[in-house]
Structure formats: structure tokens, C-alpha cells
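Because only heavy atoms are used, hydrogens play no part in the values below, and waters and symmetry mates are left out as well, while side chains stay in. As the structure lists them, so they are numbered: ligands from 1, and atoms in each ligand from 1.
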Amino acid sequence: MDKETSKYLRRREEMVKRQIEARGIRDERVLAAMRSVPRHLFVSEALEDQAYGDFPLPIGDGQTISQPYIVAEMTQALRVGEKDRVLEIGTGSGYQAAILARIVYRVYTIERIHSLYIKTRRLFDTLKYHNIVTLCADGTGGWKEQSPFDAIIVTAGSPVIPQPLIEQLAPGGRMVIPVGDQHIQDLIQVVKDDHGVHQVSLGGCRFVKLVGEHAWKKE
Ligand code: SAH
């Protein structure tokens with residue numbers, strides 16, 4: 001193992017211990033995924049050194065890679081396992097999709113900004129994430145052809161829960177989505193069962209806008 005690789009391995013261990021475990025994340029699959037995915041490769045070279053810090057970072061086009069803890073919290077709230085097919089809206093850097101790809105059977109991820117979509121698609125190929133399927137589109141309509149999904153994660157803030165996403169959730173399915181205004185949102189966990197959908201708030205969060213037909217109409 002070269003010096004760089006072992007340096008970042010150590011930083012990941014620290015990140016998981018101090019930012020993730022210390023704040024109460026207990027799901028072993030989530031912790032293992034966070035220990036293994038090389039987060040520094042999902043940001044630009046200029047920001048590599050800050051990749052394991054306790055904050056979000058810019059990824060270009062006015063978008064951000066989420067803080068490590070929020071990625072862990074959302075992943076745990078999805079309650080996913082190895083047989084699950086998961087839809088993500090807002091591919092961005094690809095980091096959240098990569099974490100999910102270590103845990104689930106297949107990840108379907110949608111990004112609306114073409115330049116980000118291309119860059120991240122290439123990264124998934126380079127890093128050999130063969131179970132991530134990508135699409136460049138408005139994800140607020142979901143991905144009907146591939147539905148239903150065992151879990152859906154929305155990594156941008158929306159004024160409402162887009163109806164197509166609720167429809168494309170399988171019975172027993174879980175969804176995590178930040179809902180609120182453009183400055184602050186509530187992280188909502190939605191569970192679908194035979195009686196309908198139930199919502200629980202997991203706390204405050206701050207995401208970039210979900211822009212599309214069933215969310216914010218403009219940036
Ligand atoms: N999951 C990402 C977070 C990226 S930030 C990561 O791990 O890095 C949110 C992303 O959502 C941005 O890239 C933004 O362009 C994208 N986005 C916003 N509205 C969208 C929509 N309607 N459909 C698909 N992607 C959208």
C-alpha cells in the first residue's frame with residue numbers, strides 16, 4: 001500500500017470514529033461502507049486534503065457533496081440490505097451512490113446537470129462500481145421503467161414530497177428526503193405500508209435545491 005493510500009485509510013477510520021460512531025450511527029453495514037469508500041476521489045484534486053472533514057464541499061456547478069455524517073444518517077434511515085434496489089435523486093459527486101452500492105444489490109441514480117452526470121459516470125467506471133446505473137434527467141418524476149424501488153433517497157431539498165416518488169416506492173419501502181424551504185429543511189423518513197405512508201422527522205438539514213417538475217421550478 002502506498003503512503004497516500006494508507007494516509008487516507010487512516011483518515012477514514014478517524015472520520016467514522018469521531019463523526020459517525022460518536023454521533024450514534026450503529027448500522028454495521030453503513031460503518032463498513034463509510035470506512036471503505038475513498039471519499040477523496042469524489043472531490044476535485046484541490047480539495048482532496050479536506051475530503052474527510054466534518055463538512056460538505058463544493059463539487060462544481062453550484063452543487064455540493066454532503067457532510068459525511070449526513071450521508072451516514074440518511075443511509076441508515078433507508079434500512080437497506082443486500083437484496084435491495086435503491087433509487088437516488090441527485091447523483092452529484094457520486095459519493096452517496098457509492099456508499100449505497102457497497103450495501104445494496106443495485107443503485108439507480110439520476111442527475112439533472114449534464115456535466116456532473118458525465119464526470120461522475122466516468123468515475124463510477126474507473127472505480128468499477130458496476131452496480132450503479134446512471135441517468136441524466138429530472139429525477140422528480142422518478143424512474144418508472146425501473147420501479148418499484150425498495151428505497152428512495154433524495155439528496156436535494158424539496159418544498160414537497162414528489163408524488164411520483166411515493167408511487168414508485170414498493171410496499172414496505174422507505175424514502176428519505178429533505179423537505180422545507182430553500183434555506184433549511186427537515187429530513188423526512190417516509191415508510192410505505194398496507195395502510196398508506198407514514199412520515200417521521202429526523203431533524204434539520206440544509207441541502208441545495210431539488211429543481212424539477214415536482215419540486216422547485218427554478219434554481
Ligand atoms: N448525492 C450527492 C449530493 C449532490 S448535491 C453526493 O453524494 O455528492 C444534489 C444534486 O442534486 C446536485 O448535483 C443537483 O444537480 C442534483 N439535482 C437537483 N435537482 C435534481 C433533479 N430534479 N433531478 C436530478 N438531480 C437533481
Side-chain angles (χ1 to χ4, degrees), residues 15 20 30 33-34 37-44 47-48 50-53 55-78 80 86-104 107-124 127 129 132-144 146-147 149 151-165 168 175-182 185 187 205-219:
M15 173 188 84
I20 316 288
V30 176
M34 302 282 303
V37 175
R39 181 169 162 98
H40 61 286
L41 300 182
F42 291 79
V43 298
S44 66
L47 296 175
E48 261 191 25
Q50 298 180 56
Y52 297 98
F55 37 74
L57 286 168
I59 54 169
D61 290 287
Q63 308 304 322
T64 53
I65 176 174
S66 305
Q67 177 192 10
Y69 173 71
I70 196 92
V71 173
E73 185 188 26
M74 290 174 89
T75 309
Q76 177 169 274
L78 286 176
V80 283
V86 182
L87 174 66
E88 179 193 32
I89 315 300
T91 315
S93 70
Y95 180 67
Q96 173 73 72
I99 292 289
L100 283 165
R102 290 283 163 104
I103 302 172
V104 307
V107 180
Y108 299 83
T109 183
I110 310 180
E111 171 58 51
R112 67 181 275 271
I113 299 178
H114 194 253
S115 54
L116 269 177
Y117 162 79
I118 293 288
K119 201 161 83 187
T120 302
R121 173 69 264 170
R122 291 203 183 116
L123 184 64
F124 290 150
L127 299 180
Y129 281 97
I132 302 179
V133 189
T134 57
L135 176 69
C136 189
D138 168 13
T140 64
W143 194 337
K144 200 151 192 236
Q146 302 291 356
S147 69
F149 299 96
I152 298 179
I153 178 169
V154 182
T155 60
S158 182
V160 292
I161 302 175
Q163 188 58 32
L165 300 185
Q168 292 174 30
M175 169 160 45
V176 178
I177 177 171
V179 179
D181 64 30
Q182 49 185 296
Q185 303 95 31
L187 191 58
C205 59
R206 193 196 164 106
F207 278 83
V208 297
K209 272 167 126 180
L210 181 71
V211 180
E213 194 187 338
H214 302 276
W216 295 105
K217 301 290 185 258
K218 276 200 210 107
E219 252 164 303

Novice: Would a distance-only check, ignoring hydrogens and angles, find a side-chain to backbone donor-acceptor pair under 3.5 Å from Glu111 to Leu116?
Specialist: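 The answer is no, because no donor-acceptor pair under 3.5 Å joins these two groups.
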Novice: Does the Tyr108 side chain pair with the main chain of Gln146, one donor and one acceptor, at a distance under 3.5 Å?
Specialist: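 No, Tyr108 side chain to Gln146 backbone: no donor-acceptor pair under 3.5 Å.
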Novice: Find all atoms of ligand 1 within a distance of less than 4.0 Å from any non-hydrogen atom belonging to Ile65, and give their numbers and elements.
Specialist: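 Per the distance check, 8 (O).
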Novice: For atom 18 (C) of ligand 1, find the nearest protein heavy atom and state the residue, atom name and distance (0.1 Å precision).
Specialist: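 For atom 18 (C) of ligand 1, the nearest protein heavy atom is Lys209 O, 3.4 Å.
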Novice: Less than 3.5 Å apart, which donor and acceptor atoms pair up between the side chains of residues 55-66 and the rest of the protein, not counting sequence neighbours?
Specialist:
from: Asp61; atom 1: OD2; to: Ser115; atom 2: OG; distance (Å): 3.1
from: Gln63; atom 1: NE2; to: Asp61; atom 2: O; distance (Å): 3.1

Novice: For ligand 1, is there an N or O atom under 3.5 Å from any N or O atom of Ile89?
Specialist: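 Ile89 vs ligand 1: no N/O contact under 3.5 Å.
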Novice: So, is Gly139 polar-close to ligand 1, with some N/O to N/O distance under 3.5 Å?
Specialist: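 Among all N and O atoms of Gly139, at least one is under 3.5 Å from an N or O of ligand 1.
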Novice: Shortest non-hydrogen contact from Pro38 to Tyr52?
Specialist: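 Heavy atoms only, the tightest pair is C-OH, 3.5 Å.
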Novice: Mark up the atoms of ligand 1 that fall under 4.0 Å of a heavy atom belonging to Val208, in ascending order.
Specialist: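 Taking each heavy atom of Val208 in turn, ligand 1 has 5 (S), 9 (C) under 4.0 Å.
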Novice: Closer than 4.0 Å to some heavy atom of Tyr95 - which atoms of ligand 1 meet that?
Specialist: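 Answer, ordered by atom number: 7 (O).
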Novice: So Gln67 and Val71, do their side chains get closer than 4.5 Å, heavy atoms only?
Specialist: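 When only atoms from C-beta onward are counted, Gln67 and Val71 do not touch, as no gap falls below 4.5 Å.
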Novice: Check Glu88 against Ala97 and note the closest heavy-atom contact, atom names and distance.
Specialist: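 Closest pair (atom of Glu88, atom of Ala97, distance): OE1-CB, 3.5 Å.
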Novice: Give me the nearest non-hydrogen protein atom to atom 13 (O) of ligand 1 as residue plus atom name, then the distance to 0.1 Å.
Specialist: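 Looking only at protein heavy atoms, the one closest to atom 13 (O) of ligand 1 is Glu111 OE1, 2.7 Å.
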Novice: Can you confirm if the NZ or CZ of Arg112 lies within 45° of the ring axis of Tyr117 and under 6.0 Å from the centre of its six-membered ring?
Specialist: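 Not satisfied by the 6.0 Å and 45° rule.
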Novice: Between Leu87 and Ile110, is a side-chain contact (heavy atoms from CB on, under 4.5 Å) present by the stated rule, with each step listed?
Specialist: CA-CA 8 Å; Leu87 174 66; Ile110 310 180; 4.0 Å; yes
Novice: Report the part of Leu116 (side chain from C-beta onward, or backbone N, CA, C, O) that has a heavy atom under 4.0 Å from ligand 1; answer both or neither where that applies.
Specialist: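 The side chain, only.
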Novice: Give, for atom CE of Met34 and atom OH of Tyr95, the distance between the pair rounded to the nearest 0.5 Å.
Specialist: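 With rounding to 0.5 Å, CE (Met34) is 3.5 Å from OH (Tyr95).
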Novice: Enumerate the atoms of ligand 1 whose separation from the nearest heavy atom of Ile113 is less than 4.0 angstrom.
Specialist: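 With Ile113 as reference, the close atoms of ligand 1 come out as 15 (O).
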Novice: Within a distance under 4.0 Å of any heavy atom of Thr155, pick out the atoms of ligand 1 and give their elements.
Specialist: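 Here the atoms of ligand 1 in question are 1 (N), 2 (C), 3 (C), 5 (S), 9 (C).
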Novice: Considering only non-hydrogen protein atoms, determine which one is nearest to atom 26 (C) of ligand 1 and report residue, atom name and distance to 0.1 Å.
Specialist: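 In this structure, atom 26 (C) of ligand 1 has Arg112 CG, 3.6 Å as its nearest protein heavy atom.
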Novice: Would you say Gln185 and Ser158 are linked by a side-chain donor-acceptor pair, where the criterion is simply a distance under 3.5 Å?
Specialist: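 Side-chain D/A pair, Ser158 to Gln185: absent.
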Novice: Can you find an N/O atom of Val211 closer than 3.5 Å to an N/O atom of ligand 1?
Specialist: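 Yes, at least one N or O pair falls under 3.5 Å.
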Novice: Does Thr91 reach ligand 1, in the sense of a heavy atom lying below 4.0 Å from it?
Specialist: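 Judged by the 4.0 Å heavy-atom criterion, Thr91 does count as contacting ligand 1.
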Novice: Regarding ligand 1, does Asp138 bring an N or O atom to under 3.5 Å of one of the ligand's N or O atoms?
Specialist: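 So ligand 1 has an N or O lying under 3.5 Å from an N or O of Asp138.
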Novice: Any chance you could lay out the side-chain contact (heavy atoms from CB on, under 4.5 Å) test for Thr134 and Phe124, step after step, and finish with the verdict?
Specialist: CA-CA 9 Å; Thr134 57; Phe124 290 150; 3.7 Å; yes
Novice: I would like to know whether Gln168 and Lys144 meet side-chain contact (heavy atoms from CB on, under 4.5 Å); could you show each step before the answer?
Specialist: CA-CA 7 Å; Gln168 292 174 30; Lys144 200 151 192 236; 4.1 Å; yes
Novice: Let me see the working for Thr140 and Leu210 under side-chain contact (heavy atoms from CB on, under 4.5 Å), right down to the final yes or no.
Specialist: CA-CA 8 Å; Thr140 64; Leu210 181 71; 3.7 Å; yes
Novice: Gln96 heavy atoms, cut-off 4.0 Å: which ligand 1 atoms fall inside?
Specialist: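 Every atom of ligand 1 under 4.0 Å from some heavy atom of Gln96: 1 (N), 7 (O).
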Novice: Looking only at protein heavy atoms, identify the closest one to atom 6 (C) of ligand 1 and say how far it is in Å.
Specialist: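 For this ligand atom, the closest protein heavy atom is Ser93 OG, 3.4 Å.
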Novice: For Ile110, counting its heavy atoms only, list the atoms of ligand 1 lying under 4.0 Å from any of them.
Specialist: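 Near Ile110, meaning under 4.0 Å from one of its heavy atoms, ligand 1 has 24 (C), 25 (N).
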Novice: Does ligand 1 have an atom under 4.0 Å from some heavy atom of Glu213?
Specialist: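 No; Glu213 lies far enough from ligand 1 that no heavy-atom distance drops under 4.0 Å.
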Novice: Heavy-atom distances under 4.0 Å decide this one: backbone, side chain, both or neither, for Glu88 against ligand 1?
Specialist: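 The part of Glu88 near ligand 1 is the side chain, not the backbone.
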Novice: Near Ala137, which atoms of ligand 1 are under 4.0 Å from a heavy atom of that residue?
Specialist: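 Result: 23 (N), 24 (C).
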Novice: Nearest protein heavy atom to atom 12 (C) of ligand 1, by residue and atom, and its distance?
Specialist: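 Atom 12 (C) of ligand 1 sits closest to the protein heavy atom Gln63 OE1, 3.2 Å.
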Novice: Tell me which protein heavy atom sits closest to atom 3 (C) of ligand 1, plus the residue, atom name and distance to 0.1 Å.
Specialist: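 Residue, atom and distance for the closest contact: Thr64 O, 3.5 Å.
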Novice: Can you tell me if Lys209 uses its side chain to pair, donor with acceptor, with the backbone of Lys218 under 3.5 Å?
Specialist: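 At least one qualifying donor-acceptor pair exists.
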Novice: So, does Ala97 sit close enough to ligand 1 that a heavy atom of it is under 4.0 Å from the ligand?
Specialist: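 Ala97 does not count as a contact of ligand 1 under the 4.0 Å cut-off.
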Novice: Could you check atom 11 (O) of ligand 1 against the protein and tell me its nearest heavy-atom contact, residue, atom and distance included?
Specialist: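 Result: Gly90 CA, 3.2 Å.
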